[in-house]
Student: 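Please read through the structure below; I'll follow up with questions.
Numbers restart at 1 for each chain; the letters A, B, ... are given by sequence-line order, proteins then strands.
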Amino acid sequence: MLSRRLFQKAVAAGTMPFLLPIVPDPGRKERMTIQQLISSRVQAALAAAGAPDAPAVVQPSGKPEFGDFQANGVMGAAKALKTNPRALAQTVVDKLDLAGIAEKIEIAGPGFINIHLAPEFLAQRLQAALADDALGIRKPAAQKVMVEYSSPNLAKEMHVGHLRSTIIGDAIARVLAFIGHDVTRCNHVGDWGTQFGMLVAYLVETRQSGDAELELADLENFYRKSKIRFDEDPLFADTARQYVVKLQGGDPDVLALWAQFVDVSMHHCQAVYDKLGVGLDRTAVRGESAYNADLPVVVSDLRAAGLLVEDQGAQVVFLPEFKNPEGEPQAMIIQKKDGGYLYATTDLAAIRYRHRQLGLTRVVYVVDARQSLHFQQLFTLSRKAGFAPADMQLEHVAFGTMMGEDGKPFKTRSGDTVKLVELLDEAIERAYALVSEKNSGLPEDTRRGIAKAVGIGAVKYADLSKNRTSDYIFNWDTMLSFEGNTAPYLQYAYTRVQSVFRKAGEFDRCAAIMIAEPAEKQLALLLAQFDEVIESVAATCQPHQLCGYLFNLAQQFSRFYEACPILAAEGDVRVSRLQLAALTARTLKAGLSLLGIDVLDEM
RNA sequence: GUGCCCGUAGCUCAACUGGAUAGAGCAACGGCCUUCUAAGCCGUAGGUUACAGGUUCGAUUCCUGUCGGGUGCGCCA
C-alpha cells in the first residue's frame, strides 16, 4: 500500500497512485546515465564513510560555478550521524572514486559536493552517442506498455478538446518505444451507448429521404439535427431507444447501420490524424463496442467476488476508499436499473482484457484531468476485483483544459467548439504566411512543405512544452513566434546546423571530439544528458521536460555557433566542432521526432 | 458541503520532485552583422513564490489554516 506521502507525490506529478518502481533486469548489463554513474559512486563513498543508508542526491548543478553535477546527500547524512557536515563531506570526497570521470571535486557551502567532469570523459560519452543509431539511449528491460489516448466520441466530429490527449499521448508512445518498450497504441473511441441509437434512427430517416451521404459529410450537423429530432419528437425518441436495445442485442440490420456511421466518423478522425502526423490508424482502434460481450461477465465477476450489491434497482459497488457528499462510501454504478451499462463497466472490461488477453504490465491513460476521480475508483476496483494484479501499473496521465486568450475554454467567437481540422488548417495557413514573408524566394511547393511542418509543429510544441497537469492558454502569436521556446525556433536551430554541413564538405565521421572552449564544454554537457531526459520523460510521462531540454540545447548551440567558428577553424579543431554540430543536429532531430515534430533542412 | 488541481516577474511558463543568490522566453531598454541563415547572440531592468503559521541545517516544493480561481461528486461519457 502506498504511503500518503507517495500518494500525494503521484497526484502532484499528475500520475495516479498504484505505481510500482521500474525494476531493471539485474541480469542485463546496462549503460548508466552520467547522473546514475556519479550517484552510484557517491553512494559507495557515503557507505565507506559510515552512512550506507543516506541517499546521494546527485543532480545537475544549478549554476556553472557549482560544477557540472552536485551531490547534496551529505547534509542529510551528517544530520542522521550527528556529525559535522563539512567534515563528513571531506571524508566522502576522500573515498570518492571518480577517476577518469571528474577532473575536480570541491566542497562548498554547508556540505555540497560539486563535481566538474573531465573533458575527456565527456568527449568519450559523446563519441559513444555518435557511434550509436539510438544516440546512446539505454534500453531498459522492455515492458509491455499500452498508451490509451485520443479516444474521441464518434458521435461528433473531433474538436479542440481532443487535441491535448492526441498530441501528448503520441509523444509518450514515441518516447516509450524509443527506449525499447513494447508499446501498443490504443484509441478507445466512443462508438457505443445511447447516442448511437439516436444517430442510427436519424440515419434511417435521412436514407428514406435519400440524402444520407450528404448529411453524413457534416457530422456535427448530423448530430445536431438528430438531437433536435430526439428532443422534439417522442416517437423518434422511442425508436432511438429501441435501436439501442437492438444494437446491444446484436441485431444485424441495426449493426450494419451503426457500422456505416462509425465508418464515416472514423474517416473524419483519420483525416485529422494524418494531418497531425500522430501514429494512429484503424489498427489502434479498439472502441467501447469491442467490450460489449464482456460486460455481463464483468458484472458476474464482481458479484462472485462479493463486491456487487443492488441499490435503488441498480447494480453498484461501494468503495469505502472514497466518500460521497454524505460521508458514506462512494457508489460506482456498474449496471443501470434498466439493464444498461456505463462507461465504468466498459473501462473495467478493458482493464480485464488488457491483463488477461494482452498481458500488459503498464497502461497509461492520457485523459482529461476532470476524470481523475473516475480513474481512481476504476483502478481501486480493478485491484479488488482481480482484473489487474498488483504489479500492473495503471496510470492516469491527466492534463488540463485548453484555454483561449481570455482564460476561458477555447471557443470560436460565436461560442461554438472549434473543429480540430479547422484549427490545424489555420495553423498551416498562418505558418505559410509567415514563411512567405520571411523567405519569399523559395518556391511555393517548398514553402507549403515548410508551412505544414512549422504550423503543426507549433501547435504540438505549444501544448507539449507546458506542464500537462495545468490548463494552458492557446495563443497563435506566441506559438508561431520564431523567438523563444517555440517549435519554429528549434526547427530554425536545426536548419542552421544543416546549413553548416552543406558547406563543410566531407569530413571524418569518426574524428575525435576535443573540448576546450567554455561554449564547447556547455554544449557537450547538455548533449551528454539527453539519455537522462528521455528516461525521465518515460518515467513521469511529462514531455515538457524534453521540450525544455531541447530549447536549452538549441540555445546553447547558438552560443557555441557564435563563440566558436566551425568552418573557419582548422585541422582537429574544425573536425571536432563538426562532430559536436553533428551530434547536436541528430539530438535535435531525434528529440523533436519524439515530440512528433518534423525538422527541415532549410526554412 | 466535500474530494482533487492550481495561485511564481507586466504576460506565457520553468525550477530535475526538500538544496546554494527562484530561472527562461515574450514585451521594455542598450549593444553586436564586409566572417558558417541576425528567424541569432550579449547585456540591463523586472520577485515578500496569494496570505499567515509550522516542520527542517535548508521550503516555490512537505504539514495546518485563510483567501482567490478551476474542476468533479448515483443511473451521461
Student: Sorted by first residue and then second, give each side chain to side chain donor-acceptor pair (under 3.5 Å) pair with at least one member in residues 60-70 of chain A; sequence neighbours left out.
Tutor: A:Asp68-A:Lys521, A:Gln70-A:Asn72
Student: Look at all strands and tell whether A:Cys564 reaches a base, only sugar-phosphate, or nothing, counting heavy atoms closer than 4.0 Å.
Tutor: base
Student: Please compare A:Tyr489 and A:Glu602 by the position of their nearest nucleotide in RNA chain B and report the one closer to 5'.
Tutor: A:Glu602
Student: Taking a pair as Watson-Crick (N1 to N3 plus N6-O4 or O6-N4) or G-U wobble (N1-O2 and O6-N3), both under 3.5 Å, which stems of 3 or more consecutive pairs involve RNA chain B?
Tutor: B:1-7 with B:67-73, B:10-13 with B:23-26, B:28-32 with B:40-44, B:50-54 with B:62-66
Student: Collect all protein-nucleotide pairs involving nucleotides 28-34 of chain B in which both atoms are nitrogen or oxygen and the distance is under 3.5 Å.
Tutor:
none

Student: Report, as a single string ordered 5' to 3', how protein heavy atoms within less than 4.0 Å touch nucleotides 70-77 of chain B: B base, S sugar-phosphate only, - not at all.
Tutor: SSSBBBSB
Student: Protein-nucleotides 22-25 of chain B N/O pairs closer than 3.5 Å?
Tutor:
{"from": "B:G25", "atom 1": "OP1", "to": "A:Gln555", "atom 2": "NE2", "distance (Å)": "3.4"}

Student: Please work out whether B:C33 sits syn or anti, treating a glycosidic angle within 90° of 0 as syn.
Tutor: syn
Student: With sugar-phosphate meaning primed atoms plus P, OP1 and OP2, does A:Ser499 contact a base, only sugar-phosphate, or nothing at under 4.0 Å between heavy atoms?
Tutor: base
Student: What residues, two or more places apart in sequence or in another chain, satisfy side chain to side chain donor-acceptor pair (under 3.5 Å) together with A:Ser536?
Tutor: A:Gln545
Student: For A:Asn84, report the nucleic acid contact type (base, sugar-phosphate, nothing); a contact means any heavy atom under 4.0 Å.
Tutor: nothing
Student: When we call it a touch if two heavy atoms are under 4.0 Å apart, what does A:Met603 touch: a base, just sugar-phosphate, or nothing?
Tutor: base
Student: Indicate, with a heavy-atom threshold strictly under 4.0 Å, whether A:Pro565 touches base, sugar-phosphate, or nothing.
Tutor: base
